[in-house]
There are 2 protein chains.
Amino acid sequence: MAARTTSGPCQAWPEESGFIREVLDRIGDKWTVLVISTLAGGPMRYSDLQASIPGISQRMLTVTLKALERDGLLLRTAYPEIPPRVEYELTDLGRSLLTSVKALAAWAATHHEDVAANRRAHEQTGVGREKARTTSPEGSRAR
Amino acid sequence: MAARTTSGPCQAWPEESGFIREVLDRIGDKWTVLVISTLAGGPMRYSDLQASIPGISQRMLTVTLKALERDGLLLRTAYPEIPPRVEYELTDLGRSLLTSVKALAAWAATHHEDVAANRRAHEQTGVGREKARTTSPEGSRAR
DNA sequence: CGGAATCCTTGTCGATACTG
DNA sequence: CAGTATCGACAAGGATTCCG
């Protein structure tokens with residue numbers, strides 16, 4: 001966990017911040033994680049992916065797919081047949097990322113209620129103008 | 001690595017995808033994770049945060065801080081003194097998220113070299129034209 | 001010191017149309 | 001079927017300025 005606890009004004013973390021930014025720039029967009037998750041069940045064709053991800057456009061599917069392929073997270077296999085058939089499949093690298101992503105999903109599943117509760121509490125206390133609260137009355141509500 | 005369950009043809013993800021989107025919308029932006037990471041060492045003042053996060057503007061620091069406070073991930077404490085002093089501190093909820101985020105950072109630290117290598121390989125193979133691999137001419141899975 | 005309000009530059013995403 | 005190309009809409013982010 002934290003390298004130093006209650007050490008005061010600590011700053012300038014090592015280099016983790018750079019790594020975090022890297023992975024966030026990659027999966028932080030709207031569709032990447034959805035594509036990876038959908039591909040978790042095995043190889044899929046382009047049209048299957050589009051059908052399985054409601055709301056995605058051809059453009060974004062293509063862009064996301066190409067970015068993931070470029071980074072070695074998924075493998076594209078085109079069969080020179082007619083009609084043309086292309087399959088996408090996660091690589092080992094892609095699956096390892098999926099594991100980490102699922103950890104985040106687990107966090108969300110566990111705590112999204114707390115987040116929603118805190119948000120509602122805040123909307124009541126200080127909608128958008130009144131925030132002249134010197135100290136926070138309530139706050140940490142972990143379970 | 002137990003990704004595929006008896007090789008299902010398609011996906012049909014439960015509802016985890018929704019949770020993933022939730023958390024990604026929250027931490028997927030440019031600064032949120034950086035703020036949380038910086039706050040991992042203990043309470044910090046506004047100006048300390050700004051000094052510890054190179055490149056962040058006052059605006060983005062304020063916006064990020066308010067969003068995190070609203071969701072109950074950090075606690076804001078204002079001391080009515082002069083000069084005014086405000087401290088920000090992670091809540092238990094915030095720290096639990098930090099743990100999950102660090103898992104992602106660990107993935108990045110472990111695999112970012114592989115990603116970079118794959119990316120370079122791709123630039124050579126098919127820079128701007130024709131990268132059809134047509135590998136594995138096997139009918140591994142068709143319908 | 002710790003913000004809020006404003007403006008403006010970008011990158012990102014979505015819809016549409018066209019090609020192989 | 002499986003993309004590619006182009007345009008426009010939108011919102012995140014940055015710089016600046018002012019207030020408590």
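Reminder, nothing fancy here: chain letters follow the sequence lines and each chain counts from 1.
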Q: Starting from the C-alpha separation in whole Å, work towards a yes-or-no answer on salt bridge (Lys or Arg N to Asp or Glu O under 4.0 Å) for D92(A) and R95(A).
A: CA-CA 5 Å; D92(A) 290 339; R95(A) 270 185 288 271; 3.1 Å; yes
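Atom P of nucleotide dG3(D) and atom CE of M44(A) are separated by 13 Å, given to the nearest angstrom. Whole-Å rounding puts the E87(A) CD to dG3(D) C1' distance at 16 Å. Taking atom CG of L61(A) as the reference point, atom P of dT16(C) lies 17 Å away to the nearest angstrom. Here dG3(D) presents its P atom at 13 Å from CG of L68(A), a figure rounded to the nearest Å. What separates CD1 of I82(B) from C1' of dG2(C) is a distance of 14 Å, to the nearest Å. In this structure, the CD atom of Q50(A) is 13 Å from the P atom of dT4(D), given to the nearest Å. K66(B) places its NZ atom 16 Å from the P atom of dG2(C), with the value rounded to the nearest Å. Here the C1' atom of nucleotide dT12(C) and the CZ atom of R26(A) are 16 Å apart, to the nearest Å.
Of the side-chain N and O atoms in S47(A), none sit less than 4.0 angstrom from OP1 or OP2 of dC1(D). In terms of phosphate contacts, Y46(B) brings no side-chain nitrogen or oxygen within less than 4.0 Å of OP1 or OP2 of dA4(C).
With Y88(A) as the partner, the side chain to side chain contact (heavy atoms under 4.5 Å, CB included) test is satisfied by one option alone out of L75(A), L74(A), D48(A): L74(A). None of L39(A), L68(A), V35(A) except one satisfies the side chain to side chain contact (heavy atoms under 4.5 Å, CB included) rule with L90(A); the exception is L39(A).
Counted by atom type alone, T62(A) and Y46(A) present one or more donor-acceptor pairs between their side chains at under 3.5 Å.
Contact annotation for T62(A): base contact, defined as any heavy-atom pair under 4.0 Å involving a base atom.
With sequence neighbours left out, R70(B) forms a salt bridge (Lys or Arg N to Asp or Glu O under 4.0 Å) with no residue at all.
Between T38(A) and S52(A), the shortest heavy-atom contact is CG2-CB, 3.7 Å. Nearest heavy-atom pair across F19(B) and A105(A) is CB-O, 4.1 Å.
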Q | Where protein sits on nucleotides 6-20 of chain D, one letter per nucleotide: B base, S sugar-phosphate only, - none, heavy atoms under 4.0 Å | A | B------BBBB---B
